[in-house]
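Notes follow once the structure below has been shown.
From a predicted model like this one, the values you see are computed outputs, not experimental measurements.
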Amino acid sequence: MGVLGSRVAWAWLVQLLLLQQLAGASHVVYDDLELQAAAATADGVPPSIVDSELRTGYHFQPPKNWINDPNAPMYYKGWYHLFYQYNPKGAVWGNIVWAHSVSRDLINWVALKPAIEPSIRADKYGCWSGSATMMADGTPVIMYTGVNRPDVNYQVQNVALPRNGSDPLLREWVKPGHNPVIVPEGGINATQFRDPTTAWRGADGHWRLLVGSLAGQSRGVAYVYRSRDFRRWTRAAQPLHSAPTGMWECPDFYPVTADGRREGVDTSSAVVDAAASARVKYVLKNSLDLRRYDYYTVGTYDRKAERYVPDDPAGDEHHIRYDYGNFYASKTFYDPAKRRRILWGWANESDTAADDVAKGWAGIQAIPRKVWLDPSGKQLLQWPIEEVERLRGKWPVILKDRVVKPGEHVEVTGLQTAQADVEVSFEVGSLEAAERLDPAMAYDAQRLCSARGADARGGVGPFGLWVLASAGLEEKTAVFFRVFRPAARGGGAGKPVVLMCTDPTKSSRNPNMYQPTFAGFVDTDITNGKISLRSLIDRSVVESFGAGGKACILSRVYPSLAIGKNARLYVFNNGKAEIKVSQLTAWEMKKPVMMNGA
C-alpha cells in the first residue's frame, strides 16, 4: 500500500476508534478497590516514582494498569496485531484478559476492545498466554491456555477463531463449543501445562504444536500435539525436548535460515518444503518460571522422530539468552510483508508493587527486534526493527575520533537524552592490560559483573556509556564492556573474553528499588580492538545491543534526579587502556502514536 493509502487507513481507523470509545474501548479504567486504596498505599512512595516523565515515550505501553506476556503477534491483511496479557482493573497481576492493539508499522499503535476474556467453562478462571497460527487459507487461529478450576489452577488449551475473516482488524473472536481441545491427560501436571506455540504443518498434513510443562520436580518439557483440524489433538509418544531446568513457560519453536541470509522463515513452509528444510536450523526457546528469564538453543529438528536435538550438548546447561536483563515471556512471529522474524518480549517493573499501584501502571513491551542466525550458526543476532529509526530526530549529535583516557568521562551535549537512540563504535588501542579471567566465573557473567561493576577499575574497561545520569553523577546507569584474558590453552593464549554489562546500582536515589547488575559474554573477536554498542534510552528503560546484536540487555531504572531535561549522557573509561570513540551518533526520539485507551 502506498503512503496515501496508509494515511487513509490510519484516518479511517482513528475515526472508528473514536466511535468505539462511546461503546467502551480497550483499557477502560474500572472502579477497583485496589485503585481506590492507592492514595493510602502511596504513603511513602517517592514523588519521582509517580512523575509522568518516567512513563516510557516510545515503547509499547497502555496508559494504565498491568500488562505482561505478548501473545499471538501476527501480520494480517496489512495490519500488525499484538495481543497481550492485561489487567483492566489495576496495576498488579490479576483479572487477566487478552488486550488487542493494531499497527501499520509496529511503532504507532491503536487499541481495540479486548479480544479474549473469560466467558466459557474452559477459561472461566483465566485466559492465559498463547499463539496464533495461519491456516492454509490465510485465516488465523489462536490457541491459548484457559484455567477452568480455581481450587487447583487446572490448565487446559482452547481455540479461538475470528468471527469475520474479512475484517483486517480481527475485532471479534469466537470460542467454539468443543473447547477445551487439549487437556492434561496421561500423568501431565495439570497445574504446569500452558502456553501453546504457533503450530506448524508437516508433510503428512498434520498440524503440530508444543505445550510447555514440568515433569517431576525439575524437568522442563515441551510436549508435542498433532491434529488435522485444530479440534482433535493427540499427544506424541515423546516430548520434543526436555531438560532439568525447571518449568518451561511460553515455549517458542521456529526455523531460521542457515545460509547466511537475514531473511525469516515461515514456521510451516520450512517443514512442508523439503528443499527449504535442508537450509534451516531450528530454535527452541523456553521461559524459565523459576529463574524468570528466557533461554534458547539452536539445533536440528528430526521430523520423523518428532524430536529436537541442540547442536551444543551443553546448551541446556550454559544458557544463551535473548536478553541478559529484564526480558521475559517472549514470542516471535514471521512477518511476510518484509520476510523477517520479529521478537516481542515483556519487561516488568523493578520498583515495588506499592509504587506500581501509586503510579497506576506496570509493565511494557520491549522494542520489537528482528532476529536471524549468526553466520557461525551458534547463536541468534537481534536488532531493533528498522521502523524505530523513523522516530529519530532530524539532527543527530555526532562525536568522532575522541580519545577517552583512563579515568576520564566525556559528556555528550546538544540533545535531550532521556529519550534517545545512541550508536557508538569503540576502538581499544591495546589489549595488553586486559585482566585474567577468573575460571570460577567463566560461565557466570552475572556474578562477574556484580563483582567487577562499572566503578571497579580494570585493565581494558570498563568502558561505555553512562545514561540517565544526573549533573553531579549521583545517579547514573552504566552500560559497558570489559575485556579479559582467558586461561592459556594448549600452550597459547585463547581469544579475549568480552563481558557486556548494565550496572544500575547507582541509577536512583529512591529506596526499595530492585537494581541488579545484568551481564552476558559477547561471542565476538575483539583482537582488532573494535566493538560497537547501541542503546535505546526511554525514560525508565534502557535497551542495549552489543557487537551488532550478539548480546542484548534491557534494564528498568527509575531516576529521581536524572528525569526529563535533567538527564545527561556520558562516555566513560574506567580502565587502564585508552579507548577511542571512532564515532558516536545520538538522536532524540519522538513519540509515536500510542492511542491505547479511551
Side-chain angles (χ1 to χ4, degrees), residues 1-21 23 25-26 60 70-84 86 98-116 130-144 159-176 196-201 207 209 229-230 254 263-270 272 331-344 365 368 370 385-388 390 592-596:
M1 179 178 290
V3 174
L4 178 59
S6 179
R7 289 175 177 172
V8 170
W10 269 110
W12 166 75
L13 182 57
V14 169
Q15 291 178 353
L16 174 66
L17 266 293
L18 289 172
L19 292 174
Q20 283 188 343
Q21 287 176 7
S26 179
F60 184 96
N71 293 155
M74 71 174 87
Y75 181 82
Y76 186 68
K77 294 185 181 296
W79 293 89
Y80 293 100
H81 293 254
L82 178 64
F83 306 84
Y84 53 97
Y86 176 72
W98 276 45
H100 181 196
S101 293
V102 295
S103 173
R104 283 288 191 183
D105 58 9
L106 291 166
I107 296 298
N108 299 280
W109 291 91
V110 173
L112 306 178
K113 67 180 182 180
I116 300 176
S131 305
T133 299
M134 290 295 173
M135 304 302 288
D137 64 357
T139 302
V141 175
I142 285 176
M143 290 284 290
Y144 70 98
V159 63
L161 309 170
R163 184 179 296 276
N164 178 10
S166 65
D167 176 12
L169 301 183
L170 299 173
R171 283 167 290 186
E172 295 186 72
W173 292 80
V174 296
K175 304 170 186 177
T197 66
T198 295
W200 67 96
R201 191 171 57 175
W207 291 95
L209 59 74
D229 56 10
F230 262 75
Y254 55 90
E263 293 182 354
V265 183
D266 181 73
T267 303
S268 293
S269 64
V272 175
K331 183 65 187 174
T332 68
F333 76 102
Y334 175 68
D335 173 14
K338 294 194 173 181
R339 300 178 68 181
R340 58 185 174 176
R341 182 159 292 273
I342 295 174
L343 169 68
W344 282 98
Q365 304 295 346
K370 178 180 176 179
I385 56 169
E386 61 185 354
E387 289 87 342
V388 76
R390 300 175 189 171
V593 173
M594 198 66 70
M595 188 180 170
N596 262 346

When you compare the side chain of [Y] with that of [X], does any pair of heavy atoms fall below 4.5 Å?
X	Y	result
Pro368	Phe60	no
Leu82	Pro70	yes
Pro176	Val159	yes
His100	Leu169	no
Tyr144	Lys175	yes

Looking only at non-hydrogen atoms, find the nearest pair between [X] and [Y] and report the distance.
X	Y	value
His81	Pro168	NE2-O, 2.9 Å
Pro162	Pro140	CD-O, 3.2 Å
Trp98	Ala72	CZ3-CB, 3.7 Å
Thr198	Ala132	OG1-O, 3.0 Å
Ser101	Trp109	O-CZ3, 3.5 Å
Lys331	Thr197	NZ-CA, 4.0 Å

Distance check, rounded to the nearest 0.5 Å: [X] atom [atom1] versus [Y] atom [atom2]?
X	Y	atom1	atom2	answer
Met594	Ile107	CE	CD1	7.5 Å
Phe333	Trp344	CZ	CH2	8.0 Å
Ile142	Ser131	CD1	OG	9.0 Å
Glu387	Lys370	CD	NZ	10.0 Å
Leu106	Lys338	CG	NZ	8.5 Å
Ile385	Asp105	CD1	CG	7.5 Å

Does [X] reach the main-chain N or O of [Y] with its side chain, forming a donor-acceptor pair under 3.5 Å?
X	Y	answer
Tyr76	Met134	no
Arg341	Val265	yes
Thr133	Ala199	yes
Ser103	Asn108	yes

Notebook entry, point to check: Excluding sequence neighbours, so at least two apart, what forms side-chain hydrogen bond (donor to acceptor under 3.5 Å, both in side chains) with Arg339?
Noted result: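 So Arg339 forms a side-chain hydrogen bond (donor to acceptor under 3.5 Å, both in side chains) with Glu263.
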Checklist line | By ring-ring contact (aromatic ring centres under 6.0 Å, His included) - contacts of Tyr75 (at least two apart) | finding: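 Counting only residues at least two positions away or on another chain, Tyr75 forms a ring-ring contact (aromatic ring centres under 6.0 Å, His included) with Tyr80.
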Notebook entry, point to check: ring-ring contact (aromatic ring centres under 6.0 Å, His included) with Phe230: which residues, sequence neighbours excluded?
Noted result: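 Here the qualifying residues are Trp207, Trp233.
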Notebook entry, point to check: Between Glu172 and Lys113, is a side chain to side chain contact (heavy atoms under 4.5 Å, CB included) present by the stated rule, with each step listed?
Noted result: CA-CA 9 Å; Glu172 295 186 72; Lys113 67 180 182 180; 4.1 Å; yes
Next item on the list: Find out whether the Lys NZ or Arg CZ of Arg104 is both under 6.0 angstrom from the six-membered ring centre of Trp79 and within 45° of the ring's axis.
Entry: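 Yes, Arg104 lies over the aromatic ring of Trp79.
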